[in-house]
Amino acid sequence: MIRIQDILDKVAEYFPEADLDLINRAYVYSAQVHAGQVRLSGEPYLSHPLEVAGILADMHLDVLSISAGLLHDVVEDTHASNEEITSMFGPQLARLVAGVTKISALSFKTREERQAESIRKMILAMADDLRVVLIKLADRLHNMRTIEFHTPDRQRAIARETMDIYAPIASRLGIYWIKKELEDHAFKVLFPDEYKEIDHLLAQSAKEKDEYIRTVRKLLEEKLASAGLSGEITGRFKHHYSVWNKMQRQNLAFEDIYDVIAFRAILGTVSQCYEALGLVHAMWRPIPGKFKDYIGNPKPNMYQSLHTTVIGPYGRRVEIQIRTREMDEVAKWGIAAHWSYKEGRQADERTRRAFAWIQNIVENQESVRDPEEFLKNVRIELFPDEVYVFTPQGDVISLPRGASPVDFAYAIHSEVGNRCAGAKVNGRMVPLKTPLHTGDSVEIITSKNRRPSKDWLSFVKTVKARSRIRQWIKTEERERSLALGREMVEKTFRRHRMSVNALLKSDDLQRVLDELGYKTADDLLAAVGYGKITPLQVQRKLLPKGEPEEEKKADEDQEEAASAPAAPPPPEGVTVRGLDDILVKFAKCCDPVPGDPIIGYITRGQGVTVHRKTCSNVLALDEARAIEVEWGEGGTQTYPVKLHVEAGDRKGLLADLTRAISLCDANILASSTRMVDDSQIAEAFFTVQVSGKNELEKVLRAIRKVPDVHKVRRVSG
């Protein structure tokens, strides 16, 4: 177990003027409140905050961060309160501890909700004070180092969360050593057999590769020395998860991975880095397409280095990274190398620009409440495979791979995106959905009369572009719905010599809004236009109590006849949350059945259309019209589902397939078959009626058991 004196010595070494008394006081307080507590390993609980503080000291963080590391669990796990921390250590330290506590104290119904809220809180914490997340990363790293003391199920849950959330954030912050260690610990838990295999293969080839490292390092040192360059050359093995992940991604055997070993040359200046690159390329033939200049085009997390792959000794491919010592510090410590809290200042302008993506996430996600949508958007930010393109003025813009000129336009400014009418790439007009490539020069052509198109949502890649397009569409749809709602209400009111203007000026307006659940009159009228409520519901709130029932009934019949082309929902079908009199129909594009995750979309004059959440058409729909729906309890209704079967052609195949479906008590509504070219493969298409997902799974299992069936799947459309 690390001792407090070890931590104090580390801090004093890189920051001689540090207030070590604050760290000492935090240690004493932590020891007092954690007294008697033990970890699952049997060690005193105090060992954990000490190890966390030690990791933060290794990262050369400031005194407040290290003190917060010692106190990060006290509010959550002891009788200590935030008020007590504030009074004893000051508001800054208390805010850091509170930030870490908020990220930890999460409990949600589903894994997606929990993950989404974990990331949301972490992103907000980063936007407020990046040190909160650095402390949380150190906390998670030590927990992963001692994960074997948890139950197997708990180990897998922690490891999955680490792989999904913490490792990507460490990577995005440029702290690669933490990313690699987190990935390896999680890999060992989630895929133990694969980890052992990679470990064995690396150990087996270690002696040979150590000799190869010595050979290449000597040749590089001699080449640099002959040109008067003095640099440090190191060789290293890739970490276990990186090797395995590359094997999976590229379908390679271990023997086929050429860059299990990577070399690094650290020099004094940028000009020396480029000179060293020339020497390397003169000595060994570079592989086309394998050179990346991250010095001229730094990564968004400020990582800088030259990367090249060459044909080295014995005909082996060798990856070499060339950078200055300052760049190496950034590569090792990431954001921590630039964060100048220890001098009592906020981050410099360069650092703030480099981590503007954090603020972008905060701004773009404020209106996103669906956990799946939030996770999808954040993953775009956490896993950016970047391309670097140029503005006409020569400025570099970083975008995700596959980004289009529309993404580029929104990256310049929201108004440029909204007015985007065309684009030139490298001086030539191109379609707006054209993928951009590193080195492209992009010019956006704007027009005052141009507006965002819903079609853009099908190809934009950045969260900013997607959110701004949806925001514009939502505003536009609201204006249309407001006008339509006003017209519908006015038409209904005329039969009783009433008017919308009179309603807006009447004393009853607030009562009507409260009873129907809307904040403003515009919200109410827009809801009528959307189809969420009917003009008749608004009118009823204002009708004199003594109006004859016959007249009310006549109005109701007249309105229903005019505006209800869809059939009412079956009693056991789908219920729309908060509404009990709205029309419901099922989307033909995805054929939802009970048990499927579903979402509703309001359609003018047609009530609510229910889609599966995984339906591809959902992405193109206006999220402002989305409404929560859920399956009703029980019921005997059946639902159509389309199935696609692929099998080896033989006599009696169709008879066997129909028999298998019939034995599951599922009714076949339609069927067809066809041959696939001359391949002796037959395809069969069925539309069957099932009562829900359980019965559908039963049918799928029965079809898979039919001899010669290769594949069966549910299809949409």
Side-chain angles (χ1 to χ4, degrees), residues 111 115 137 140-148 150 152-213 216 234-264 287 289-290 292 294 299 301 303 305 307-309 312 316-321 331-332 334 375 378-380 382-386 400-401:
R111 176 170 170 262
Q115 277 199 0
L137 285 174
R140 178 52 59 107
L141 180 58
H142 184 246
N143 283 334
M144 290 303 294
R145 287 174 177 174
T146 56
I147 196 172
E148 70 271 16
H150 287 280
D153 285 347
R154 183 66 181 144
Q155 284 185 43
R156 284 189 290 273
I158 295 171
R160 175 48 59 196
E161 184 179 62
T162 299
M163 196 70 90
D164 288 347
I165 300 176
Y166 291 93
I169 285 180
S171 174
R172 201 68 166 90
L173 293 177
I175 314 173
Y176 290 113
W177 73 273
I178 288 185
K179 167 193 178 281
K180 292 171 183 175
E181 190 174 340
L182 288 176
E183 285 178 341
D184 274 356
H185 285 304
F187 176 42
K188 189 174 183 178
V189 171
L190 296 172
F191 303 97
D193 294 337
E194 290 84 346
Y195 180 90
K196 287 177 185 174
E197 182 186 0
I198 298 295
D199 192 55
H200 173 70
L201 291 169
L202 287 172
Q204 205 173 37
S205 59
K207 187 174 180 181
E208 176 196 346
K209 286 183 166 54
D210 283 340
E211 180 61 34
Y212 189 73
I213 287 173
V216 174
T234 60
R236 60 176 177 82
F237 288 92
K238 283 201 166 184
H239 65 297
H240 290 53
Y241 177 73
S242 174
V243 173
W244 178 79
N245 194 36
K246 186 161 190 174
M247 289 169 63
Q248 299 302 305
R249 263 192 354 259
Q250 300 183 16
N251 196 25
L252 297 172
F254 179 79
E255 297 75 21
D256 297 328
I257 299 181
Y258 64 85
D259 57 352
V260 170
I261 302 172
F263 291 87
R264 185 174 299 148
I287 296 173
K290 290 293 183 180
K292 294 177 182 175
Y294 292 121
K299 288 188 176 184
N301 57 23
Y303 174 88
S305 185
H307 289 196
T308 187
T309 302
R316 292 186 185 178
R317 290 186 174 197
V318 179
E319 180 187 329
I320 301 171
Q321 301 171 359
K332 186 175 183 183
L375 286 172
V378 172
R379 284 190 184 109
I380 292 172
L382 290 183
F383 297 101
D385 192 1
E386 295 101 354
R401 190 168 299 281

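Keep in mind the model is a prediction, meaning the values are calculated, not measured. Because only heavy atoms are used, hydrogens play no part in the values below, and waters and symmetry mates are left out as well, while side chains stay in.
- Using a 30° and 60° split on the angle between ring planes, Tyr195 and His240 fall in the parallel class, below 30°.
- Without hydrogens or angle criteria, Ser171 side chain to Ala167 main chain gives no donor-acceptor distance under 3.5 Å.
- A distance of 12.0 Å separates CZ in Phe191 from CD1 in Ile198, rounded to the nearest 0.5 Å.
- When side chains are defined from C-beta on, Thr146 counts as touching His142, because their heavy atoms get closer than 4.5 Å.
- Under the side-chain contact (heavy atoms from CB on, under 4.5 Å) rule, Ile320 has a single partner from Thr308, Thr309, Val216, which is Thr308.
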| task | Might you work through the salt bridge (Lys or Arg N to Asp or Glu O under 4.0 Å) test for Asp199 and Lys196, ending with a clear yes or no? | result | CA-CA 5 Å; Asp199 192 55; Lys196 287 177 185 174; over 6 Å; no

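- The distance from atom CD1 of Ile169 to atom CD1 of Ile175, rounded to the nearest 0.5 Å, is 10.5 Å.
- Of all heavy-atom pairs spanning Leu182 and Leu141, the tightest one is CD2-CA, 3.8 Å.
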| Verdict with supporting geometry, Glu319 and His307, side-chain hydrogen bond (donor to acceptor under 3.5 Å, both in side chains) | CA-CA 7 Å; Glu319 180 187 329; His307 289 196; 4.5 Å; no

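- Atom NE2 of His185 sits about 11.0 Å away from atom CG of Asn143, to the nearest 0.5 Å.
- Other residues, nucleotides and ligands contribute over 12 non-hydrogen atoms within 6.0 Å of the CZ atom of Arg145.
- Nearest heavy atoms, Ala159 versus Ala186: O-CB, 3.6 Å.
- The distance from the CD atom of Glu183 to the CD atom of Glu181 is 11.5 Å, given to the nearest 0.5 Å.
- Here the closest heavy-atom approach between residue Phe187 and residue Met163 is recorded as N-CE, 3.9 Å.
- Nearest heavy-atom pair, Phe263 versus Val318, reported as atom, atom and distance to 0.1 Å: CD1-CG1, 3.4 Å.
- With a 4.5 Å cut-off on side-chain heavy atoms, Pro152 and Arg156 count as touching.
- Side-chain contact between Ile158 and Arg140: present, with at least one pair of heavy atoms (C-beta onward) separated by less than 4.5 Å.
- Summarising the geometry, atom CE belonging to Met144 is positioned 8.5 Å from atom CD belonging to Gln155; distances are rounded to the nearest 0.5 Å.
- Here the closest heavy-atom approach between residue Asp184 and residue Tyr241 is recorded as OD1-N, 2.8 Å.
- If you take OG on Ser305 and NZ on Lys292, they are separated by 11.5 Å, rounding to the nearest 0.5 Å.
- The minimum heavy-atom distance linking Gly235 with Ile213 is given by the pair CA-CG2, 4.0 Å.
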